[in-house]
Every structure is written in C-alpha cells, then in structure tokens.
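Here the structure comes first, spelled out in structure tokens, and everything after it is commentary.
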Amino acid sequence: MAGMAKQDSNIPDLSSALVGARSLLGWKLVHDSIEGRTSGYIVETEAYDEHDPASHAFGGIRKRNAAMFEAAGTIYVYFTYGMHYCMNIVTGDKGLGQGVLIRALQPLEGLDIMQRRRGIESKHQLTNGPAKLTQAMGVTKQNYGQSIFHGDIYLEPGIPALSVVQTTRIGISKAKELPWRFYLADNPYVSRI
DNA sequence: AGAGCGATGGCCT
DNA sequence: GGCCATCGCTCTA
C-alpha cells in the first residue's frame with residue numbers, strides 16, 4: 001500500500017505538535033458522559049509548540065497551562081472569552097509544553113445530546129469550531145489533565161485522512177504566518193476554509 | 001458575505 | 001486594566 005494514506009496503528013503519533021496535528025486527523029474522539037456517548041471524527045487541528053509565541057505554553061509553566069507540560073496524550077482544556085472551553089491533546093516529551101488544538105469534528109454519535117447541549121438543530125453547526133465541539137461533547141475544565149489513554153474521553157480508529165490541507169492558524173495575533181493548521185480537504189464540518 | 005460587538009472570567013503587566 | 005487559540009447575533013450591502 002505504498003503511497004496510500006491510511007491509519008496503520010491503534011494510537012496516533014503524538015511525538016510532536018506538528019506530527020500530532022496531522023496524525024490526529026480522521027481519528028474518532030469519544031466522550032462517555034453521564035448524559036450518554038458522543039463522538040465525532042477529528043477533521044481540523046492546529047499545532048502549538050514550546051517555541052511558539054501564540055502557544056499558552058510560551059513563557060513557561062503556570063497553573064493555567066500546567067497540563068500542557070504533562071505527558072503526550074494529556075488533555076489540556078482552557079477557558080477563554082469568559083464563556084468558552086477549548087480542548088488540546090498534549091504532544092512531545094513531558095516537560096516540553098506542546099499540544100494540538102482540536103478545532104472541528106464531524107459529528108458521529110449522540111447527535112441528540114449534542115443538539116441539546118448546543119441548543120441548535122443544524123448538524124453542520126454542532127462541532128465546526130473549537131468551542132462549539134467542546135460544548136457539544138460536554139468537555140469542560142473538569143476534564144483538565146485527564147489522559148486520552150485512560151479516561152472517559154478517548155480516541156478510536158476512525159476514517160483515513162486521504163487528503164489533508166495545511167494552512168495558517170485562526171484566531172491568533174502572534175506567529176500567524178506559521179502553516180500549522182491542518183484539515184481534511186472538502187470536509188463540510190471544517191470551521192472555515 | 002462581511003463587519004461590529006456583547007457576553008464574561010482568568011491571567012497577565 | 002487589558003488581553004484573549006471564540007461564538008453567535010445584529011446590523012449593513
């Protein structure tokens with residue numbers, strides 16, 4: 001199968017933020033919560049590493065960002081604009097301060113739960129943004145520091161990332177020229193093209 | 001289709 | 001006191 005993009009292991013490659021951002025595309029993100037199971041395919045990501053002025057890890061470890069310095073697979077949730085949560089999956093060696101922001105999902109299971117949590121019907125609007133998907137999936141500060149390898153939020157093999165677009169990141173003011181955003185080409189659940 | 005803006009809280013200088 | 005890795009509503013075109 002040389003030259004064919006496929007998922008060839010049962011864990012994504014989280015060795016660095018850039019590798020992880022690409023590797024996580026197509027994986028199924030699952031949350032088994034008290035309200036039920038919600039899941040979706042990861043269709044859009046952004047990489048943030050320790051040398052990146054746009055990263056929350058830039059400037060060193062603090063209470064707010066400490067989870068980013070934990071082992072790869074740790075979930076780093078942050079609160080922003082007074083009302084939104086966003087979710088990252090930590091990459092790289094422990095102590096580095098790297099992660100991948102999950103920016104969009106293609107909703108798969110628990111659509112009714114997502115619709116209730118989001119307060120909207122439209123399937124396309126449920127998870128096409130970093131704060132939208134955490135609301136739909138029921139991810140909050142409570143999940144801060146959990147590991148995707150043993151917890152109620154975890155990954156399962158999903159769909160092959162056949163065609164990936166790499167471009168600049170969204171919603172940041174520093175280092176915005178870096179092409180560290182990845183998404184599945186032609187996927188209707190990407191936050192924006 | 002795109003600009004403007006309010007909501008709202010933790011962390012920074 | 002100001003800034004945000006945001007979203008969705010409300011205007012103008």
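In the text below, chain A, chain B and the rest are named by the order of the sequence lines, each starting its count at 1.
Taking atom CZ on A:Phe58 and atom P on B:dT13, their separation rounds to 12 Å, with Å as the unit. With rounding to whole Å, A:Met83 atom CE is found 11 Å from C:dC9 atom P. C:dT6 atom C1' lies 12 Å from atom CG of A:Asn128, rounded to whole Å. Look at CD1 on A:Ile89: it is 15 Å from C1' on C:dA5, rounded to the nearest Å.
Here A:Arg64 does not reach the OP1 or OP2 of B:dG9: none of its side-chain N or O atoms lies under 4.0 Å away. For A:His56 and C:dA5, the shortest distance from a side-chain N or O to OP1 or OP2 is below 4.0 Å. Phosphate proximity of C:dA5 to A:Lys176: absent, as no side-chain N or O sits under 4.0 Å from OP1 or OP2.
The aromatic ring centroids of A:Phe79 and A:His84 lie 6.0 Å or more from each other.
Between A:Gly82 and A:Ala131, the residue anchored nearer the 5' end of DNA chain C, judged by the nucleotide with its closest heavy atom, is A:Gly82. Along DNA chain C, the nucleotide nearest to A:Lys132 and the one nearest to A:Ile172 differ in position, and the one closer to the 5' end is contacted by A:Ile172.
A salt bridge links A:Arg37 with A:Glu156: at least one charged nitrogen is closer than 4.0 Å to a carboxylate oxygen.
If you check every strand for non-hydrogen atoms under 4.0 Å, A:Tyr81 touches a base. At a threshold of 4.0 angstrom between heavy atoms, the contacts of A:Met68 include nucleobase atoms, whether or not backbone atoms are also involved.
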- prompt: Under a cut-off of 3.5 Å for both distances of each Watson-Crick or G-U pair, what dot-bracket string does DNA chain B give, using [ ] for crossing pairs and | for inter-strand pairs?
  reply: |||||||.||||.

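One distance of note links CZ of A:Arg192 with CZ of A:Arg181; it measures 7.0 Å at 0.5 Å rounding.
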